[in-house]
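See structure below.
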Amino acid sequence: MSTEPPSSPVVDPWVARDAAVVWHGFTQMSTYPDSTPVIVDRAEGRELIDVNGTRYFDGISSLWVTTLGHHVPELDAAVIDQLGKVAHATLLGNGSRVTVEFAEALAAVVPVADPHVLFGSDGAVAVEQALKVAFQYWVNRGEAGHHQFIALGGAYHGDTVGALSVGDGGFGTTLFEPLRFPVIRTPGYASADWAAKMVSCIEANAATVAAVVIEPLVQGASGMLMADPADLALVGEACRSSGVLLICDEVATGFGRTGKLFASEWAGPDFRPDLLCLGKGITGGYLPLSATVASGAVFEAFNGPDLSEATFYHGHSYGGNALGCAVALRHLQLMDEWDVLANVTSVAERLSSRLSDTVLDLPGVGAIRQRGLMAGVELAPPPGSTRWGRRVCAGAVGRGVVLRPLGDVVVIMPPLTTTWDEIDRVVDVLARSIETVWAEDAR
Ligand SMILES: Cc1ncc(COP(=O)(O)O)c(C=O)c1O
């Protein structure tokens, strides 16, 4: 396949129809039609196929959700089979068989002691639930004053108001400042001493803190910033010895992304979040489902008489959706049956060596950060150059690889079943796209 972008892009009537009625999130709609968006019609394996039949490798796993690939026969079958039973039944006051089965399977693998699964629909909901559970936990125990959260600089936990509050700046957050609740902020993974700062903050504020919130190992949305697992362990130990709850947001890192099923596992068996937030890859990228997994100790604090104030009065209409749980259950089985983590390790090594020998030394490249199949190539545009991340990724899309930047960091998050050949294709396309943008600005 040619790696040259098409010389005269065809104006797609689907883009006009799309822009006329669909309001795309995190997207400036006035310029959307001009940015040659890909309008997906179908997909095969790890390739998206647009309405014109053009194929693209899905280099960002459809915003970090796709794990095994698209249109996976086994996952398709799980949804179809569940459709023959029931698509959805509420979890408010009642149960659903497949949801029980998935919760049991999940409970067996999460790094949480005596886990209890509170379902939601998206990552931000999983975080929002964790914040409310942590807050109410202290109230239910009759221990007043634990109303603060400690969160990291550069944190991203989603775009609902609670998640925005524990998140740091960026992505238009500042605008909502009057709505955000105050948070104790310590330096993020960009600072070498982030863990020491967080540990002393935990110790100093233990009497008023409800929970510490972190993205274990990788701060994804702030540009793929990496933490040392030993530092994570220090924070976990400080939470435990100070009696402060630890919320681990594994919406991005969960389900094999980092080479272990959950990133928290890198910090050792003693690192056990009290609340674990899961989303994105939980259904392999098929259906919207998320979960907040609470430890038994947290869960117990909510037991009390019927209709009492100890109850967690929270739950969404589609939480624990049966179709989502059916595909999530099959997905978890396939992760094991296909030994997906072994592929992540092997392909991550390939990605690392190819990025080092093909991309790192290109003019316009500043740094490369990677953990498993989460990678960020930080561009270093020459002075006066603008929108480099956007332009490099547009070049990649034109060459048949979907990439999306975070500012001037190009994110590479391919599906976990990606092959070495596909990694080579992604890296070669990225290198050509960077060279092209560099040459344009050097003119
Ligand atoms: C660490 C983390 N938490 C939460 C979220 C929000 O997830 P969602 O977009 O599914 O609401 C994201 C999204 O990127 C994330 O990276």
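Keep in mind that what you see is a predicted model, and the values were worked out from it rather than measured. Remember, it's 1-based here, ligands and their atoms both numbered in the order they're listed. Start at 1 with the first residue, then count along the sequence.
You'll find the side chain of I247 reaches within 4.5 Å of the side chain of C277, heavy atoms only.
When E337, H331, R330 are each tested for a side-chain hydrogen bond (donor to acceptor under 3.5 Å, both in side chains) with Q333, only one passes: R330.
Contact shell of ligand 1 (protein heavy atoms, cutoff 4.0 Å): W64, D122, G123, A124, Y156, H157, G158, E215, D249, V251, A252, K280.
H147 has its ring centre no less than 6.0 Å from the ring centre of F135. Aromatic pair Y318/H316: ring centres not closer than 6.0 Å.
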Quiz: residues 260-272 side-chain donor-acceptor pairs under 3.5 angstrom, not counting sequence neighbours:
from: S264; atom 1: OG; to: E250; atom 2: OE2; distance (Å): 2.6
from: E265; atom 1: OE2; to: F262; atom 2: N; distance (Å): 3.1
from: W266; atom 1: NE1; to: T258; atom 2: OG1; distance (Å): 3.0

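Here the closest non-hydrogen pair linking T27 and G25 is OG1-O, 2.7 Å.
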